[in-house]
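Working notes, structure below.
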Amino acid sequence: MRKDLKVKLHMSNTELEPSEHLKVEGSIWLPLNVVSNGNASSSSQAVGVTKIAKSVIAPLAQQHVSVFMLSTYQTDFILVKEKDLSVVIRTLEEEFNIYREFEGESVPVHCQDVSVCLHKNGKEALQPTVHPVLIPQNQFCVMSLDPETLPSIATTLIDVLFYSSSPKEDTSSSSADQDINCIKFFSFSLIDGYVSLVMDTKAQRQFPADLLFTSSSGELWRMVRIGGQPLGFDECGIVAQISQPLADSDISAYYISTFSFDHALVPEEDIVSVRDMLHHQRKEPAAS
């Protein structure tokens, strides 16, 4: 069954004030969202980026299209550069019904409807760099909350975002060792009225438990951080090299790209398998 792919072609851009402290990536990005026409997936099926690894991410990587991933509690967004839109549509239109979303309306769009649609990239997909990965020890939660309750947690949210990373007075060796093995990571998104949060269990304890909700199983996630140094925005295939082996193994994964690094969240019970899989992947090129 064909699925729907929605593209927000028209976005209201607010120009940010220039600042020496603000880094801005030069390209304009457009969010894509896959909407399934079938029944909702059961809890035993892979979720997150794994669902679209073979149908969206891999084909775009083969066409040398760089993507920026944002998984949320509700869905997944694939951001592509505006200049690559024609290639994206041409690549995916056989698999998906593609719609342009504008002012709440969804209008079918085809390659010939896009003014810049001339041809595919014409580039042969390059073998992506297999970047180093880091697997911290802390456990993470993927959660959401009712937007109306945001005012009641505003102080806690500000504290976690801006002050919890301050140096602690406890400088004992055990505390220092724990910091080395953990990554301070907190993600907050508010998209179309839906709130999504990713935080580790230490940060979670600072919030009122009755306001946050997650799946009924209350699963915990482990993180794989991709990149030994800032990844940039021009390389393609970074998301594919992580999501494809996970999809092949039917392992659920949420994926969050950031300005510097990429982050994949996998169920805690699968982290050993994922670690072995990625280590093998790094050794493969040298062995061939």
Side-chain angles (χ1 to χ4, degrees), residues 41 43-44 46-50 69-77 133-227 242 246 251-275 278:
S41 299
S43 59
S44 63
V47 298
V49 71
T50 310
M69 277 298 311
L70 177 61
S71 294
T72 70
Y73 183 87
Q74 293 81 16
T75 187
D76 297 278
F77 294 92
V133 299
L134 174 66
I135 301 177
Q137 293 299 313
N138 37 341
Q139 302 166 313
F140 291 86
C141 308
V142 180
M143 295 171 292
S144 184
L145 55 78
D146 185 338
E148 294 184 359
T149 65
L150 276 176
S152 64
I153 64 164
T155 302
T156 304
L157 193 59
I158 292 172
D159 180 63
V160 171
L161 282 171
F162 300 108
Y163 299 105
S164 292
S165 295
S166 301
K168 302 292 189 299
E169 293 182 4
D170 182 5
T171 57
S172 64
S173 59
S174 60
S175 176
D177 290 342
Q178 185 176 6
D179 286 343
I180 292 174
N181 294 324
C182 295
I183 286 181
K184 296 184 185 299
F185 183 94
F186 183 90
S187 173
F188 173 89
S189 61
L190 176 58
I191 303 174
D192 287 339
Y194 294 98
V195 176
S196 180
L197 304 104
V198 177
M199 67 185 81
D200 66 14
T201 51
K202 182 178 178 181
Q204 181 194 14
R205 291 193 287 270
Q206 299 184 49
F207 290 87
D210 58 330
L211 295 184
L212 301 175
F213 53 86
T214 183
S215 65
S216 56
S217 58
E219 66 267 72
L220 293 175
W221 301 77
R222 292 287 298 279
M223 175 181 288
V224 178
R225 191 183 77 176
I226 301 96
I242 301 295
L246 295 180
I251 295 176
S252 302
Y254 289 92
Y255 200 101
I256 299 176
S257 299
T258 67
F259 200 93
S260 297
F261 302 103
D262 282 11
H263 308 80
L265 293 159
V266 300
E268 186 173 36
E269 61 268 23
D270 293 320
I271 190 62
V272 174
S273 298
V274 172
R275 181 197 63 198
L278 296 178

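- Gly193 approaches Pro147 most closely through the heavy-atom pair O-CG, 3.0 Å.
- Expressed to the nearest 0.5 Å, how far CZ of Phe188 lies from CG of Leu161 amounts to 8.0 Å.
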What's the verdict on side chain to side chain contact (heavy atoms under 4.5 Å, CB included) for Met199 and Phe207, showing C-alpha distance, side-chain angles and the deciding distance? CA-CA 11 Å; Met199 67 185 81; Phe207 290 87; 3.7 Å; yes
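- Considering all non-hydrogen atoms of both residues, Ile226 and Ala264 come closest at CD1-N, 4.0 Å.
- Here the side chain of Ser144 pairs a donor or acceptor atom with the backbone of Val195 at under 3.5 angstrom.
- Put simply, the side chain of Asn138 gets close to the backbone of Ile183: a donor and an acceptor are under 3.5 Å apart.
- Between the side chain of Ser196 and the main chain of Ser189, no donor-acceptor pair closer than 3.5 Å is present.
- Within the 4.5 Å cutoff, side-chain heavy atoms of Ile191 are placed close to those of Phe77.
- Smallest separation of non-hydrogen atoms from Phe186 and Val160: CD1-CG1, 3.5 Å.
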Verdict with reasoning, Tyr254 to Val198, per side chain to side chain contact (heavy atoms under 4.5 Å, CB included): CA-CA 10 Å; Tyr254 289 92; Val198 177; over 6 Å; no
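- The CE atom of Met223 lies 11.0 Å from the SG atom of Cys182; values are rounded to the nearest 0.5 Å.
- When every heavy atom of Tyr73 is checked against every heavy atom of Thr214, the shortest pair comes out as OH-C, 3.2 Å.
- Expressed to the nearest 0.5 Å, how far CZ of Arg222 lies from CD1 of Ile135 amounts to 7.0 Å.
- The CD1 atom of Ile256 sits 15.0 Å away from atom CZ of Phe261, with the distance rounded to the nearest 0.5 Å.
- No side-chain donor-acceptor contact under 3.5 Å links Gln139 to the backbone of Lys202.
- Nearest heavy atom pair, residue Ser152 against residue Thr149, reads OG-O, 2.6 Å.
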Please test Ile251 against Thr50 for side chain to side chain contact (heavy atoms under 4.5 Å, CB included), starting from the C-alpha separation and ending with a verdict. CA-CA 7 Å; Ile251 295 176; Thr50 310; 5.6 Å; no
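- Looking at Ser257, its side chain never comes within 3.5 Å of a backbone N or O of Asp262 through a donor-acceptor pair.
- Looking at Tyr194 and Thr72, their side chains never come closer than 4.5 Å, going by heavy atoms from C-beta outward.
- Separation of atoms CE (Met143) and CD (Gln204) is listed at 4.5 Å; rounding is to 0.5 Å.
- Residues Pro267 and Trp221 meet the side-chain proximity criterion, which asks for heavy atoms closer than 4.5 Å.
- When every heavy atom of Ile158 is checked against every heavy atom of Tyr163, the shortest pair comes out as O-CD1, 3.8 Å.
- Residues Leu220 and Cys141 have side chains in contact (heavy-atom distance under 4.5 Å, counting atoms from C-beta outward).
- A distance of 11.0 Å separates CG in Asp210 from CG in Leu145, rounded to the nearest 0.5 Å.
- Taking 4.5 Å as the limit, some side-chain heavy atom of Val266 sits within range of a side-chain heavy atom of Ile271.
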